[in-house]
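Before any comments, here is the structure.
In listed order, ligands and their atoms are each counted from 1. Numbers here simply count residues along the sequence, with the first being 1. Source: prediction; values computed, not measured. Hydrogens, waters and symmetry mates play no part in the numbers below; they use all other heavy atoms, side chains included.
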Amino acid sequence: MTQPPTRITLASDRYERLAQIRDYFPQAAGPDLSPPWQGGRLAALQRLSAANAEEYARTRNQLSGAVTGLSPYLRHGCLSLPETVADVRARFGKRGHKLIAELAYRDYFRQGWYRFGDAIMQPMEQPKVVLGSQPMPDFIAQGFTGLVCMDDIVHQLQKVGYVHNHARMWFAAYVIHWLKIDWRQAAAWFESQLLDGNIASNHLSWQWIASSFSSKPYLFNKENLLKFGGESWCRQCRVRCPFDASYEQLQQQLFTDAVGDEKPITHQLHPPKSSPKGVATLVWVHDEMLSPSHALSAFNLPALFVFDPALYQAWPLKRLQFMADCLAEMPEVEVWIGATSQVLARRTQGRILTQDTPQKALKQAVSELNMEWRPEPQLTAASLSDHQLMRFSRYWKVVEPTLIR
Ligand SMILES: Cc1cc2nc3c(=O)[nH]c(=O)nc-3n(C[C@H](O)[C@H](O)[C@H](O)COP(=O)(O)OP(=O)(O)OC[C@H]3O[C@@H](n4cnc5c(N)ncnc54)[C@H](O)[C@@H]3O)c2cc1C
């Protein structure tokens with residue numbers, strides 16, 4: 001049954017606020033948002049100023065390395081990508097090269113999402129090896145694979161919602177290449193558990209590992225796990241290690257035939273946008289715009305955010321609480337619970353400003369309304385071809401000169 005739209009006031013006390021979200025979304029799965037994670041621009045700026053690009057370049061592949069933890073903040077718009085890159089460049093100059101390149105990876109995937117739409121949830125190219133099609137077994141989500149490393153990654157994912165990039169790669173490779181699970185199912189589940197979950201970075205990374213968005217499958221072995229993850233997992237593990245082999249042996253054991261080529265198999269462009277009519281009277285703040293310094297606040301229009309059960313009912317509790325933290329720093333934004341289109345239509349008959357997004361569900365939620373989609377802050381002015389968007393190395397060749405001056 002749909003609830004009538006209700007305006008709510010988020011508690012300024014954080015403890016109360018987290019409890020409030022728990023009450024509003026009794027079906028939301030998983031634990032509360034746990035330290036050190038707290039949503040909002042202030043927390044984002046603290047993380048950004050703590051980021052050390054030189055240490056990052058040296059240690060980022062280690063699980064204990066100096067990674068930034070910026071992804072949940074970039075995902076929700078607490079920080080824009082251009083301002084993040086500008087900060088790194090101002091503080092580190094060319095020594096910020098590696099961190100800027102990784103930040104550009106986010107833009108690369110996101111541009112792919114804008115260009116190809118939700119087709120990125122299906123294979124972009126023929127995979128270069130035969131992939132499995134097993135459905136996701138329950139034991140994965142329950143964290144009972146028997147392998148201490150993989151179970152610990154699942155626990156981190158579900159409890160905290162943040163997992164180091166290398167651990168994400170190991171886990172995805174294990175699921176795709178060892179367990180032969182359909183990567184699309186696994187990717188969707190994985191994305192739904194992350195604080196930084198977004199289809200572009202997530203699904204295209206899964207495809208990169210699978211080899212349907214890369215020239216070969218990504219594999220790892222025990223030596224790699226020990227080198228970058230340390231020994232604590234293996235010391236506790238009591239089962240025969242499926243990763244304890246050379247790459248040649250794994251290649252033989254996991255893949256029989258090579259198939260496929262690089263030709264893109266999905267090209268779904270966004271339909272042209274209709275031009276908005278009338279005078280803008282309202283800003284719709286959606287889940288990628290959660291910053292008090294967002295560019296659209298300059299319009300001085302009433303602004304509102306909607307906790308729409310249709311959009312967020314499958315989100316884990318920690319992520320809803322992260323958004324509530326962000327909104328608590330934006331007192332000028334009205335917060336509502338209800339169906340987005342109903343809330344917006346009730347507040348204005350006029351044109352509604354918002355930031356463009358490749359998220360289909362957000363677009364559908366307001367498809368009947370008079371929307372003006374303003375472009376999100378761009379990392380570069382470069383316009384990229386499909387060919388350049390199919391490989392990061394080609395994309396980077398185009399954007400690097402402007403990003404690393
Ligand atoms: C299977 C898999 C699933 C993933 N799912 C997501 C996801 O849903 N959302 C998400 O934001 N990232 C995803 N990533 C990419 C990457 O793992 C995370 O962005 C990164 O680990 C976030 O942690 P951080 O902010 O500490 O990263 P840092 O290493 O400190 O990097 C700084 C920023 O650069 C960007 N970045 C770094 N590495 C990558 C990368 N490989 N791809 C894209 N952007 C990158 C991120 O915005 C990140 O916040 C996924 C990677 C894999 C292998």
Side-chain angles (χ1 to χ4, degrees), residues 36-37 43-44 47-48 50-85 87-88 92 96-113 120-121 140 150 153-154 156-157 160-177 181 183-214 217-220 228 287-288 315-316 319 322 358-359 379 392 395-396 403:
W37 297 100
R47 277 193 186 265
L48 181 57
N52 181 333
E54 285 170 282
E55 276 294 288
Y56 180 83
R58 233 172 26 82
T59 64
R60 62 176 282 275
N61 281 324
Q62 301 284 344
L63 291 200
S64 56
V67 292
T68 64
L70 286 173
S71 52
Y73 301 96
L74 291 164
R75 158 66 183 83
H76 293 97
C78 306
L79 286 174
S80 74
L81 208 46
E83 71 175 326
T84 306
V85 167
D87 177 90
V88 174
F92 296 95
H97 182 276
K98 189 65 201 161
L99 181 51
I100 291 175
E102 293 303 318
L103 287 161
Y105 237 113
R106 183 175 207 282
D107 180 61
Y108 163 71
F109 284 147
R110 195 164 173 83
Q111 293 217 28
W113 195 9
I120 63 167
M121 294 162 85
I140 293 278
M150 294 301 142
I153 292 171
V154 174
Q156 283 175 34
L157 176 71
V160 187
Y162 175 84
V163 177
H164 187 282
N165 181 57
H166 224 139
R168 296 185 202 211
M169 288 161 57
W170 293 328
F171 178 75
Y174 168 63
V175 166
I176 298 172
H177 300 310
I181 290 168
W183 70 264
R184 293 167 299 187
Q185 279 189 27
W189 169 78
F190 196 79
E191 191 261 336
S192 76
Q193 304 298 314
L194 286 164
L195 279 184
D196 61 25
N198 74 86
I199 292 174
S201 297
N202 185 68
H203 283 62
L204 291 175
S205 294
W206 278 82
Q207 298 216 44
W208 181 82
I209 283 159
S211 77
S212 53
F213 191 47
S214 56
Y218 167 79
L219 282 185
F220 69 98
F228 296 109
D287 62 43
E288 294 176 349
W315 281 33
R319 202 152 150 189
F322 186 95
Q359 282 195 69
L379 192 54
F392 181 74
Y395 158 96
W396 185 238
L403 293 187

message: Just to confirm my output: which protein heavy-atom neighbour is closest to atom 11 (O) of ligand 1, and how far is it?
response: N198 ND2, 3.4 Å

field: Criterion side-chain contact (heavy atoms from CB on, under 4.5 Å) on L403 and W396, from CA distance to verdict
entry: CA-CA 9 Å; L403 293 187; W396 185 238; 3.9 Å; yes

message: Counting only nitrogen or oxygen atoms and a 3.5 angstrom limit, does N202 reach ligand 1?
response: yes

- prompt: G69 to ligand 1: N or O pair under 3.5 Å?
  reply: yes

query: What protein heavy atom is closest to atom 51 (C) of ligand 1, reported as residue, atom name and distance in Å?
result: S205 OG, 3.4 Å

- line: Between W208 and the options Y108, Y218, W183, the ring-ring contact (aromatic ring centres under 6.0 Å, His included) test singles out Y218

task: Could you pull out all residues at least two apart from A43 that satisfy side chain to side chain contact (heavy atoms under 4.5 Å, CB included)?
output: Y73

- request: Just need the protein heavy atom nearest to atom 16 (C) of ligand 1, so name the residue and atom and give the distance.
  value: N165 OD1, 3.4 Å

- request: Distance to 0.1 Å, residue and atom name: give those for the protein heavy atom nearest to atom 22 (C) of ligand 1.
  value: S71 OG, 3.1 Å

- prompt: Which is it for F109 and ligand 1 at heavy atoms under 4.0 Å: side chain, backbone, both or neither?
  reply: side chain

task: Apply the test side-chain contact (heavy atoms from CB on, under 4.5 Å) to residues Y162 and Q156: give CA-CA distance (whole Å), side-chain angles for both, the deciding distance (0.1 Å), then the verdict.
output: CA-CA 7 Å; Y162 175 84; Q156 283 175 34; over 6 Å; no

field: N or O pair under 3.5 Å between H164 and ligand 1
entry: no

- line: One finds that the ligand 1 atoms under 4.0 Å from a non-hydrogen atom of V67 are 26 (O), 29 (O), 30 (O)

field: Y56 heavy atom under 4.0 Å from ligand 1
entry: yes

Protein residue, atom and distance nearest to atom 14 (N) of ligand 1, heavy-atom basis: R168 NH1, 3.6 Å

query: Does Y105, backbone or side chain, put an N or O under 3.5 Å from an N or O of ligand 1?
result: no

message: Can you tell me how far apart CH2 (W113) and CD1 (I199) are? Round to the nearest 0.5 Å.
response: 4.5 Å

task: For L194, take its heavy atoms, then give the atoms of ligand 1 lying under 4.0 Å from any of them.
output: 5 (N), 7 (C), 8 (O)

- request: Answer yes or no: is there a donor N or O on one side and an acceptor on the other, between the side chain of E83 and the main chain of S80, under 3.5 Å?
  value: yes

task: Could you tell me whether some N/O pair between L70 and ligand 1 is separated by less than 3.5 angstrom?
output: yes

query: Should N198 and R106 count as side-chain neighbours, where that means a heavy-atom distance under 4.5 Å?
result: yes

- request: Let me know which of H76, R319, Q359 forms a side chain to side chain donor-acceptor pair (under 3.5 Å) with D287.
  value: Q359

message: Below 30° counts as parallel, above 60° as perpendicular, anything between as tilted: where do the rings of Y174 and F171 land?
response: tilted

query: Is a side-chain donor or acceptor of Y395 paired with a backbone partner of D107 at a separation under 3.5 angstrom?
result: no

query: Which protein heavy atom lies closest to atom 45 (C) of ligand 1, and at what distance to 0.1 Å?
result: E102 O, 3.5 Å

- request: Check each atom of ligand 1 against the heavy atoms of G197 and keep those under 4.0 Å away; list them by number with element.
  value: 8 (O)

message: Quick check against the 3.5 Å criterion: does H166 have a side-chain atom that pairs as donor or acceptor with the backbone of L63?
response: no

task: Heavy-atom contacts with L74 under 4.0 Å: which atoms of ligand 1 show up? List them by number with element.
output: 47 (O), 49 (O)

query: Is there a side-chain contact between E191 and M121 (heavy atoms, below 4.5 Å)?
result: no

query: Mind checking whether Y162 has a heavy atom under 4.0 Å from ligand 1?
result: yes

- prompt: Heavy-atom contact under 4.0 Å between R75 and ligand 1?
  reply: no

query: What protein heavy atom sits nearest atom 1 (C) of ligand 1, and how far away is it?
result: W206 NE1, 3.4 Å

- request: Name all residues meeting the salt bridge (Lys or Arg N to Asp or Glu O under 4.0 Å) criterion together with E102; count only those two or more places apart in sequence or in a different chain, and write none if there are none.
  value: R60, K98

Atom 53 (C) of ligand 1 [closest protein heavy-atom partner, distance rounded to 0.1 Å]: M169 CG, 3.5 Å

